[in-house]
Student: 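I'd like to ask you about the structure that follows.
So you know, we letter chains A, B, ... as the sequences are listed, proteins then strands, and number each from 1.
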Amino acid sequence: MGPLIPQDIISGDLNFFFALIIGIAFGFILEQAGFSSSRKLAGVFYGYDFVVLKVFFTAAVTAAIGLFFLKYLGWVDFNFLYVNPLYLWSALIGGIVMGFGFILGGFCPGTSLGAAVIGKIDAWFFIAGMFLGVFIFGIFYPVFEPLHTGYFLGNPFIYDTLGLSQQWFLFLLIFMALAAFAVTQLIEDNSTRFKELLYTQKLSVRYPLLFAFILSIIILFLPNQRHSYANEMSRNDLAAAILSNERYVPVEKVVHSLVHDVRDLHLVDVRPVAEFNTFHLPGAVSVPLENILEKTSEDNLTGTGKTTVLYANSSDKADMAWFFVTREGFKNIYVMEDGLNKMYNFLFSTPDTLVNNNNNMTPEEKFVQNARKWFREGSVQSAVKASMPAPSAAPAKAVKGGC
Amino acid sequence: METKVKNEVKPYMNPYLAGFLLGIVLLITFFITGRGLGASGAIKSTVITVVGKASPATAESNHFFAEYLKGSPLKSWLVFEVIGMLLGGFLSGFLSNRLTLRVDKGPGIKIRTRLIFAVLGGMLFGIGSQLGRGCTSGAALSGMAVFSTAGFLTMMGIFGTGYVIAYFFRKLWL
Amino acid sequence: MKNNQLFNSTLIFFLFIIFALLFSAITHKVKGYSVANKEVLNTLQGPYTLSYYDFYLLYKDTANDFTIVDLRTPEAFSKENLKKSVNIPFEKLFDKESLSKLKDLKESKLLVGNHQNETSLAYLYLTSAGLTDIKVLPGSFDILYNNIVKATNPSYFFYNEEKAQWDFPRQMGGENAKSTGPAPALPQQVEMKTPVKGGC
């Protein structure tokens, strides 16, 4: 299902509208939390106000839990999420430089914006400094470039880097957060400085902590990921679909579509890539059976505006591919009956005869002879169009039914 | 009496509530757009646009500026998001009666010192956010939410450094 | 508690996750699969077929641990059948009784049927439903029976319908076949290995 915009579920034109709305919520929350005060922000480093840690950690853990469950339920596809690329030394040194910036400036970029707009003059200077900093980075980019673009390690996930399962990592993260909250609260309470900065709404955290604890236990004991999408076809429906044989398109129909250039079929070759490279039907795309459930194959299966027909050397592999995509929830996927072997047999099992309008060939025989020529040479197309009626064996529209 | 109550500065939101709501906003952002929140990217877009307008020659000769002049940097997602942040921050300050012109600083330093260090800090954040490919929100917060190693690394860089050097700069804040 | 927004908002979030999990568990059950689609696909990586050669070695000794599941019609089955085989017609395979009958079989199950594609679909369906220790005998009962059981023809030892039976590019690789379409790679006029034996 999600994310919505990268998968074109809602229009990308709305992107900027969402950006504005999300920005308003983001800015509002940061200011409400007290992130517009550099003294409150700096408190996290001196032990008198841990608002940064509390907000930051709570937000990260909440979003991480949410994304974990959205992924688990199949509602968000992580392949479409932006996972920060890891340029090892650039990320680390950038973090260190920002650490200096935080202590010296008392803001980070997001917080400085909310502060500036409610009249904090120090935030104006901080923002001016940021512009200057980015400008300096740009001017001296040739110096920074090797660091900035070097040591690229892909887009790894932290749990893979640490060699943990995602479930264990999230469990530990929640517990680290809870422990950090407890410890910092103790430090904050014992600090005697700047109590006036802690002018904050007091709320009981007992039950939210309990919820976090229960969720962490659930996360740890969730059964293996099931990929149970809501649109998966039920087993009984699948059994009925297997028995109905409505999925088969006869080879005559495919040949007719190709030779007459009808362009109503979207041919998908499910054989291994090597066999595809050796030979494939004109216009076919390659989706080997083992990749049939990959996200990247989806565009090759639907949304072409044509009838999707899977084919292989026989019905066997194409039927198996059909099984997986149909169970997955794709509708209107067809199979070329008996595959290329049958097509070859259909085209080349009779002796060659020269087609002209005088001999006593049936339309079917003429069709085969012309198609044969088309496959061998590719020069008869216009002639075929002029002289050939569509053979009865190749219904123009009806897809169901056998040979 | 009534007006006095009305103009009273309201307390800040409970940090856990703010954090939770921020987490939900972040989650919704990921669900809709496939990407997280950010702030520094908009600064970058602005700088690149200004440099590109003022001196196209510089932009052409420099990879950093050239790379982003191809598109229209000011029409990027983050620019709109930052405009929203400004509106949202103002709305919040207005509702909580926190709209005042002032400088926040530690008690031990002059206003001028604070402002000089604010510029310095901003400058370092400007450079650091380019190296880290995002700032506290874009790299660390959003990066942690999607479990990215880069996000955790940058987060540890920022806060680890902060704690290591905090002692040496204590005069600024304590 | 009424005015604690933190409690209220986190409670909604918490309950949302719990209900979503329950909802997913219920819908999953209704769909009736025991094995995820991707995991069924992954089983094809291991050898899910049993070559006629291996079958030949296995079939020689009835002390071996196997049961043949014959998917043909009862009429065909009564005419000729294999040792240690049970008849579950393909049309009846999807009934509840057939599934429980197959689940009770302790031995390795070898599927054989009218057509290889039917047998393969039966394999995928049964694997999805949670059955294990199943293998597909390629081709059809007739090919197996006539070329392995009744008389042994070694050229059929590695028979598979899915093999290309002809050298496609030689006859079908003309300009039309090559030029059109968004093919990621152009077909090459490479001679295929010797045309595979057997076939229609």
Student: Evaluate whether atom CZ of Phe125(A) has more than 12 neighbouring non-hydrogen atoms of other residues, nucleotides or ligands under 6.0 angstrom away.
Tutor: no

Student: Check whether any side-chain heavy atom of Leu26(B) lies under 4.5 Å from a side-chain heavy atom of Phe26(A), and answer yes or no.
Tutor: no

Student: Given heavy-atom pairs under 4.5 angstrom as the criterion, report whether the side chain, backbone, both or neither of Asn155(A) touches chain B.
Tutor: neither

Student: Measure from the side-chain N and O atoms of Glu31(A) to the backbone N and O of Gly89(B), and report whether any donor-acceptor pair falls under 3.5 Å.
Tutor: no

Student: With a 4.5 angstrom heavy-atom cut-off, could you sort out which part of Val44(A) is near chain B: side chain, backbone, both or neither?
Tutor: both

Student: Is the backbone of Gln130(B) close enough, under 3.5 Å, to the side chain of His148(A) for a donor and an acceptor to pair up by distance?
Tutor: yes

Student: Of the non-hydrogen atoms in Gly106(B) and Arg39(A), which two are nearest, and what is the gap between them?
Tutor: CA-NE, 4.2 Å

Student: For the pair Tyr82(A) (side chain) and Gly143(B) (backbone), establish whether a donor and an acceptor sit closer than 3.5 Å, ignoring hydrogens and angles.
Tutor: no

Student: Under 6.0 Å from the CZ atom of Phe140(A), do we count more than 12 heavy atoms belonging to anything else shown?
Tutor: no

Student: Ignoring hydrogens, what is the shortest heavy-atom contact between Leu81(A) and Phe30(B)? Give both atom names and the distance.
Tutor: CD2-O, 3.8 Å

Student: Can you tell me which portion of Lys202(A) sits under 4.5 Å from chain B's heavy atoms? Options are side chain, backbone, both or neither.
Tutor: backbone

Student: For Arg102(B), is it the side chain, the backbone, both, or neither that has a heavy atom closer than 4.5 Å to a heavy atom of chain A?
Tutor: both

Student: Any non-hydrogen side-chain atom of Leu174(B) less than 4.5 Å from a side-chain atom of Tyr48(A)?
Tutor: yes

Student: Between Arg133(B), Arg98(B), Glu81(B), Met123(B), who has the most heavy-atom pairs with chain A when the cutoff is under 4.5 Å?
Tutor: Arg133(B)

Student: At a 4.5 Å cut-off on heavy atoms, which part of Arg193(A) comes close to chain B: side chain, backbone, both, or neither?
Tutor: side chain

Student: Determine whether Ser129(B) and Met130(A) make a side-chain contact, defined as any pair of heavy atoms from C-beta on separated by less than 4.5 Å.
Tutor: no

Student: For Gly95(A), does its backbone N or O pair with a side-chain atom of Thr154(B) as donor and acceptor, under 3.5 Å?
Tutor: no

Student: Measuring from Leu86(B):CG to Leu20(A):CG, what's the distance to the nearest 0.5 Å?
Tutor: 10.5 Å

Student: Are the aromatic rings of Phe147(B) and Phe157(A) close, with centres under 6.0 Å apart?
Tutor: no

Student: Check each atom of Pro156(A) against the heavy atoms of chain B and say whether the ones under 4.5 Å are side chain, backbone, both or neither.
Tutor: both

Student: Could you tell me which non-hydrogen atom of Val83(A) sits nearest to which non-hydrogen atom of Val146(B), and how far apart they are?
Tutor: CA-CG2, 4.3 Å

Student: Indicate yes or no for a side-chain donor-acceptor contact from Asp122(A) to the backbone of Lys105(B) under 3.5 Å, with no hydrogens or angles considered.
Tutor: no

Student: Given a strict heavy-atom distance threshold of 4.5 Å, which part of Leu172(B) is in contact with chain A: side chain, backbone, both, or neither?
Tutor: side chain

Student: To the nearest 0.5 Å, what is the distance between CD1 on Ile22(A) and CZ on Arg35(B)?
Tutor: 10.5 Å

Student: Under a 4.5 Å cut-off applied to non-hydrogen side-chain atoms, are Thr46(B) and Val134(A) in contact?
Tutor: no

Student: Can any side-chain N or O of Trp77(B) pair as donor or acceptor with the backbone N or O of Phe18(A) at less than 3.5 Å?
Tutor: no

Student: To the nearest 0.5 angstrom, please state how far the CG atom of Leu30(A) sits from the OG atom of Ser92(B).
Tutor: 9.0 Å

Student: Side chain, backbone, both or neither: which part of Phe131(A) has a heavy atom under 4.5 Å from chain B?
Tutor: both

Student: Less than 4.5 Å to any heavy atom of chain B: does that hold for the side chain of Leu70(A), its backbone, both, or neither?
Tutor: side chain

Student: Measure from the side-chain N and O atoms of Tyr16(B) to the backbone N and O of Pro208(A), and report whether any donor-acceptor pair falls under 3.5 Å.
Tutor: no

Student: Do the ring centers of Phe64(B) and Phe144(A) come within less than 6.0 Å of each other?
Tutor: no

Student: Report yes if some heavy atom in the side chain of Pro3(A) is under 4.5 Å from a heavy atom in the side chain of Thr33(B); otherwise report no.
Tutor: no

Student: So does Tyr199(A) have more than 12 non-hydrogen atoms from other groups sitting under 6.0 Å from OH?
Tutor: yes

Student: Quick test of your reading of the model: are Lys120(A) and Asp104(B) salt-bridged, counting only N-O distances below 4.0 Å?
Tutor: yes

Student: Does the ring center of Phe57(A) lie less than 6.0 Å from the ring center of Phe159(B)?
Tutor: no

Student: Determine whether Phe65(B) and Tyr141(A) make a side-chain contact, defined as any pair of heavy atoms from C-beta on separated by less than 4.5 Å.
Tutor: no

Student: What pair of heavy atoms forms the shortest contact from Tyr12(B) to Ser37(A), and how long is it?
Tutor: OH-CB, 4.1 Å

Student: Could you grab the distance from atom CE of Met155(B) to atom CE of Met98(A), nearest 0.5 Å is fine?
Tutor: 12.0 Å

Student: How about Thr58(A) and Pro15(B): do any of their side-chain heavy atoms sit closer than 4.5 Å?
Tutor: no

Student: Which atoms of Leu95(B) come close to chain A, meaning under 4.5 Å heavy atom to heavy atom: side chain ones, backbone ones, both, or neither?
Tutor: side chain

Student: Please say whether more than 12 non-hydrogen atoms of neighbouring residues, nucleotides or ligands are located less than 6.0 Å from CZ in Phe152(A).
Tutor: yes

Student: Side chain, backbone, both or neither: which part of Trp89(A) has a heavy atom under 4.5 Å from chain B?
Tutor: neither

Student: Closest approach of Ala150(B) and Pro85(A), non-hydrogen atoms and distance?
Tutor: CB-O, 3.4 Å

Student: Decide side-chain contact (heavy atoms from CB on, under 4.5 Å) for Leu153(B) and Leu88(A); before the verdict, give the C-alpha distance in whole Å, the side-chain angles of both, and the deciding distance to 0.1 Å.
Tutor: CA-CA 8 Å; Leu153(B) 199 63; Leu88(A) 183 64; 3.7 Å; yes

Student: Which atoms of Ala33(A) come close to chain B, meaning under 4.5 Å heavy atom to heavy atom: side chain ones, backbone ones, both, or neither?
Tutor: both

Student: Side chain from CB out, backbone as N, CA, C, O: work out which of these in Ser137(B) comes under 4.5 Å of a heavy atom of chain A, or both, or neither.
Tutor: side chain

Student: Within the structure provided, determine whether Leu131(B) and Phe137(A) are in side-chain contact (heavy-atom separation under 4.5 Å).
Tutor: yes

Student: Within this structure, what is the CD1-CG distance for the pair Ile43(B) and Leu132(A), rounded to the nearest 0.5 Å?
Tutor: 12.0 Å

Student: Is it the backbone or the side chain of Ile111(B) that comes under 4.5 Å from a heavy atom of chain A, or both, or neither?
Tutor: neither

Student: Less than 4.5 Å to any heavy atom of chain B: does that hold for the side chain of Leu41(A), its backbone, both, or neither?
Tutor: neither

Student: Side chain, backbone, both or neither: which part of Ile139(A) has a non-hydrogen atom closer than 4.5 Å to chain B?
Tutor: both

Student: Hey, what do you get for CG (Leu87(B)) to CD1 (Ile24(A)), rounding to the nearest 0.5 Å?
Tutor: 5.0 Å

Student: Checking heavy atoms, do the side chain of Phe152(B), its backbone, both or neither come under 4.5 Å from chain A?
Tutor: side chain

Student: Which region of Leu153(A), side chain (C-beta onward) or backbone (N, CA, C, O), has a non-hydrogen atom less than 4.5 Å from a non-hydrogen atom of chain B, or is it both or neither?
Tutor: neither

